[in-house]
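Since the structure comes first, as structure tokens, the remarks are kept for the end.
In this chain, numbering begins with 1 at the start of the sequence shown.
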Amino acid sequence: MPMPSPPQRSLPIGLLVLLAIAAVLYGLMLANALSLPSGGEAGIEAAIGALFLTAGLWIVLAIMIVVGATMGAMPGWAGGLAGILVPASGVANFTAIDMCSRDMPWAIVVPILLAPLIAFYAFWAGWPKLHAALPAEHTSVAVWASIFVLSVATFVLAA
């Protein structure tokens with residue numbers, strides 16, 4: 001007698017819970033980045049806040065990638081690349097926030113884009129409907145190339 005297959009969830013509940021946590025951290029991080037004072041004791045306090053918010057957000061994003069990969073599927077090379085680019089993009093994100101405090105307000109584009117790209121990829125990997133709609137190779141190349149370019153550009157422009 002064949003065993004019935006377990007019913008598939010229509011929504012990835014675990015990813016949605018992680019997304020809610022990430023959204024709070026993301027909002028706080030952007031608010032902090034937009035209001036960074038330049039220099040002095042207040043500047044140091046804001047920089048430490050930015051560091052903790054960025055670290056917390058990137059930990060949640062890394063967990064989202066792992067959950068998305070285990071719930072769904074992603075190319076093997078993309079998983080390896082995620083292991084390198086997620087931490088590197090976190091450093092680039094913090095660098096861009098620092099650039100905002102040094103009279104480079106255009107650098108806010110990096111924090112605005114990096115976290116949503118990573119969160120999108122986690123959802124794409126873990127949600128069968130998205131995975132079916134967007135081809136694996138094209139989606140993986142587009143997302144990870146964008147994250148790579150944003151990260152490298154941040155490091156180059158900060159130098």
Nearest heavy atoms of Ala92 and Leu114, plus distance in Å: CB-CD1, 4.4 Å
Determine whether Val109 and Val143 fall in the same hydrophobic cluster, where Ile, Leu, Val, Met, Phe, Trp and Tyr are linked whenever their side-chain heavy atoms lie under 4.5 Å apart. yes
Would you give the length of the straight line joining atom OG of Ser140 to atom CG of Leu134, rounded to the nearest 0.5 angstrom? 10.0 Å
Can you list every side-chain hydrogen bond (donor to acceptor under 3.5 Å, both in side chains) pair that touches residues 58-68, not counting sequence neighbours? Trp58-Ser89
Using distance only, find each side-chain donor-acceptor pair of residues 12-30 under 3.5 Å and give its atom names and separation, not counting sequence neighbours.
{"residue": "Tyr26", "atom": "OH", "partner": "Ile112", "partner atom": "O", "Å": "2.7"}

Would you kindly confirm whether Leu113 and Trp144 end up in one hydrophobic cluster when ILVMFWY residues are joined by side chain heavy atoms under 4.5 Å apart? yes
By ring-ring contact (aromatic ring centres under 6.0 Å, His included), Trp124 pairs with (sequence neighbours left out) Tyr121, His131
Do other residues, nucleotides or ligands put more than 12 heavy atoms under 6.0 Å from the CZ atom of Phe148? no
What do the steps show when you test Asn32 against Phe52 for side-chain contact (heavy atoms from CB on, under 4.5 Å), and what is the final call? CA-CA 11 Å; Asn32 180 294; Phe52 281 113; over 6 Å; no
Pairs under 3.5 angstrom only: tabulate donor-acceptor contacts from the side chains of residues 151-159 to other protein residues two or more places apart or in another chain.
{"residue": "Ser151", "atom": "OG", "partner": "Ile147", "partner atom": "O", "Å": "2.9"}
{"residue": "Thr154", "atom": "OG1", "partner": "Leu150", "partner atom": "O", "Å": "2.7"}

Does anything in residues 66-118 pair up under ring-ring contact (aromatic ring centres under 6.0 Å, His included), and if so which pairs, sequence neighbours excluded? none
Give the minimum heavy-atom separation between Ile97 and Ala50, together with the two atoms involved. CG2-CB, 3.9 Å
Starting at CG of Leu53, measure out to CG of Asn93 and round the result to the nearest 0.5 Å. 10.5 Å
Side chains of Pro105 and Ile108 in contact at under 4.5 Å (non-hydrogen atoms): no
Could you list the donor-acceptor pairs under 3.5 angstrom formed by side chains in residues 62-75, with sequence neighbours left out?
{"residue": "Thr70", "atom": "OG1", "partner": "Val66", "partner atom": "O", "Å": "3.1"}
{"residue": "Thr70", "atom": "OG1", "partner": "Val67", "partner atom": "O", "Å": "3.0"}

Tell me if a side-chain donor or acceptor on Ser101 pairs with a main-chain N or O of Asp98 at a distance below 3.5 Å. yes
Between Ala107 and Cys100, which heavy-atom pair has the shortest distance, and what is it? C-SG, 3.8 Å
Give, for atom OG1 of Thr54 and atom CD1 of Ile59, the distance between the pair rounded to the nearest 0.5 Å. 11.0 Å
What about Ile84 and Val110, same hydrophobic cluster or not, with Ile/Leu/Val/Met/Phe/Trp/Tyr joined at side-chain heavy-atom distances under 4.5 Å? no
Linking I/L/V/M/F/W/Y whenever their side-chain heavy atoms sit closer than 4.5 Å, directly or via other members, would Val91 and Leu81 fall into one cluster? no
